[in-house]
**Q** 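Just passing along the structure, written as structure tokens.
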Amino acid sequence: MMMESRTREIKDSPGMWERIKKNSLVQGWLVLLLALFFGSALASVQLSLGPKIEMNKLNETLSKVPELVLGASRAHEMEAKNQELGIEPMTIEVNKNNKRVLYNVYKTTYNGEINGWVAKTSGQGYAGSIELLLGLDPGMELITGLFILDQKETPGLGNKIVTEQWRKQFINKPTKNRLIVVKDGADAVNEIDAITGATISSKSVSNIMNTAISDLKGQLISGQSSNR
Amino acid sequence: MADQPTATERFIQGVLPENPVYRQLLGLCPVLAVSNNMKAAVTMAASVTFVLLCANVVTSLIRNLLKPHLRIVVFTLTIATFVTIADRILAAYLYQMSKTLGPYIPLIIVNCIIICRCEVCASKQSVFTAASDAIGQSLGFALALSSIAAIREILGTGMFFELRVLPAAWPDWVIMALPPGAFLTFGVMLAAINWISSNK
């Protein structure tokens, strides 16, 4: 250090040059330049592809909305007749234990009349979070459909929650009572059959639905007391 | 540099003699994680090819500017950039597949095959050699990944590329589609290849 400060005093130009070369910013000029270049490249990729990716996500949700409200056969029938369902996206804010929870809800209308609701919700599964769409009738009395948007459950076991065979048992379940997952054959109206070897995944899905239903029931239908 | 392998040698070595998975035991995370069906395996192999080729070419172009103590930073920066591009492209054009692969595409950043090729070949040799090295190694990776994926998909679900190849009576060996199946298949394949090559 002493040597270096002395060289500066006598303005020894080769010494100065050495010092500049040892400066970490100068040493890293390539890294800085590349970071700048790659950064702008990534920004332009994001600018050009970002809207398309958002569209993919939205399209997946919107394409599922009709069958979640009407059921698959009725939805195909309407599509064949070129009848289109009005889908109105909205954000519902729910206050729960002083915490604000936001729900993306789609109100579907046909010829000006409400014929159902689709709510997007998510929660913890067995492995990672499960994101799903939940269809409800206009009065929120019955579940009209369920679709799993995103899940990371065990392949071969828990990921069977995406199969139609398992999901269809939720259709026409009343929302009055909480859904309960049972292992030995569902009897009561609010009972759901667990997937063999994946009880936790099955319970996660029905709990996510229970929470969303109790959160939204009072919010969407004004004047009706909520049972949360 | 007379002792460096030529472009053709680099290419051939990558495919079998120095196969990244079976010979160097590199890049095993995607080999174990996304090898339960062929579609995912092929997409993963294509993404790795894209990243490896781009990273090798860029590294080779700037090889004379690299400082020894900063080279790993430059490699990582380059690889991360191309991985992010690959991830965004998949999300935009193959949305369902990008959802299936989940975190494994971003994880290509830490795939040792790529940083190893930047270090061993691209930072020392010409752009052409680096590109042919990248293609050879990617081909080797694709072969290894799809060999395991083929076995796992066929035994685990009776299907190949989601088309049924085994009779419907086949009792799907679910374990083959689960993580243990990956370790079992990889171990057996590795043993078989070592046994064959030691008998030569």
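Atom set for the values below is all heavy atoms of this structure, side chains included, hydrogens, waters and symmetry mates excluded. Since the model is a prediction, treat every value here as computed from it, not as a measurement.
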**Q** Sequence neighbours excluded, which residues qualify as side chain to side chain contact (heavy atoms under 4.5 Å, CB included) partners of A:Leu30?
**A**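 A:Leu34, B:Ile62, B:Leu65, B:Leu66, B:Val74.
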**Q** Looking at B:Phe183, I want to see if its CZ is surrounded by more than 12 non-hydrogen atoms of other residues, nucleotides or ligands under 6.0 Å.
**A**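 Counting other residues, nucleotides and ligands, CZ of B:Phe183 stays at 12 neighbours or fewer.
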**Q** Against chain A, label B:Ile89 side chain, backbone, both or neither, depending on which of its atoms sit under 4.5 Å from a heavy atom there.
**A**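 Its backbone and side chain both get close to chain A.
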**Q** Pick one of side chain, backbone, both or neither for A:Val31, based on which atoms fall under 4.5 Å of a heavy atom in chain B.
**A**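 Both parts, backbone and side chain.
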**Q** Which atom names give the shortest non-hydrogen contact between A:Gly28 and B:Leu70, and what distance separates them?
**A**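 Smallest heavy-atom distance, with atoms named: CA-CD1, 3.7 Å.
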**Q** Taking only residues two or more places apart in sequence, or in another chain, which ones meet A:Asn172 in a side chain to side chain contact (heavy atoms under 4.5 Å, CB included)?
**A**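 For A:Asn172, the residues satisfying side chain to side chain contact (heavy atoms under 4.5 Å, CB included) (neighbours in sequence not counted) are A:Leu142.
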**Q** Answer yes or no: are there more than 12 heavy-atom neighbours, outside A:Gln165 itself, under 6.0 Å from its atom CD?
**A**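 No, because the 6.0 Å sphere around CD of A:Gln165 holds 12 heavy atoms or fewer from other groups.
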**Q** Under the rule for ring pair (Phe, Tyr, Trp, His ring centres under 6.0 Å), what residues qualify as partners of A:Phe170, not counting sequence neighbours?
**A**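 Scan of A:Phe170 (ring pair (Phe, Tyr, Trp, His ring centres under 6.0 Å), adjacent residues dropped) gives A:Trp166.
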**Q** Taking CE in A:Met55 as the centre, count heavy atoms belonging to other residues, nucleotides or ligands within less than 6.0 Å. Is the count above 12?
**A**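 No, CE of A:Met55 has 12 or fewer neighbouring heavy atoms, counting only those of other groups under 6.0 Å.
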**Q** Would you enumerate the inter-chain donor-acceptor pairs between chain A and chain B whose distance is below 3.5 Å?
**A**
unit_1, atom_1, unit_2, atom_2, d
A:Gln27, OE1, B:His69, NE2, 2.9
A:Asn56, ND2, B:Ala91, O, 2.8
A:Asn56, ND2, B:Ala92, O, 2.9
A:Glu60, OE1, B:Lys99, NZ, 3.2
A:Glu60, OE2, B:Gln96, NE2, 3.0
A:Glu60, OE2, B:Lys99, NZ, 3.0
A:Leu149, O, B:Lys99, NZ, 2.4

**Q** Does NZ belonging to A:Lys120 count more than 12 external heavy atoms closer than 6.0 Å?
**A**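 Yes, enclosed.
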**Q** Of all of B:Val174, B:Ile175, B:Val58, B:Ile85, which one pairs up most often with chain A through heavy atoms under 4.5 Å apart?
**A**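 That would be B:Ile85.
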**Q** Could you tell me the separation between the CZ atom of A:Phe38 and the CD1 atom of B:Ile79, rounded to the nearest 0.5 Å?
**A**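 If I round to the nearest 0.5 Å, the distance is 10.0 Å.
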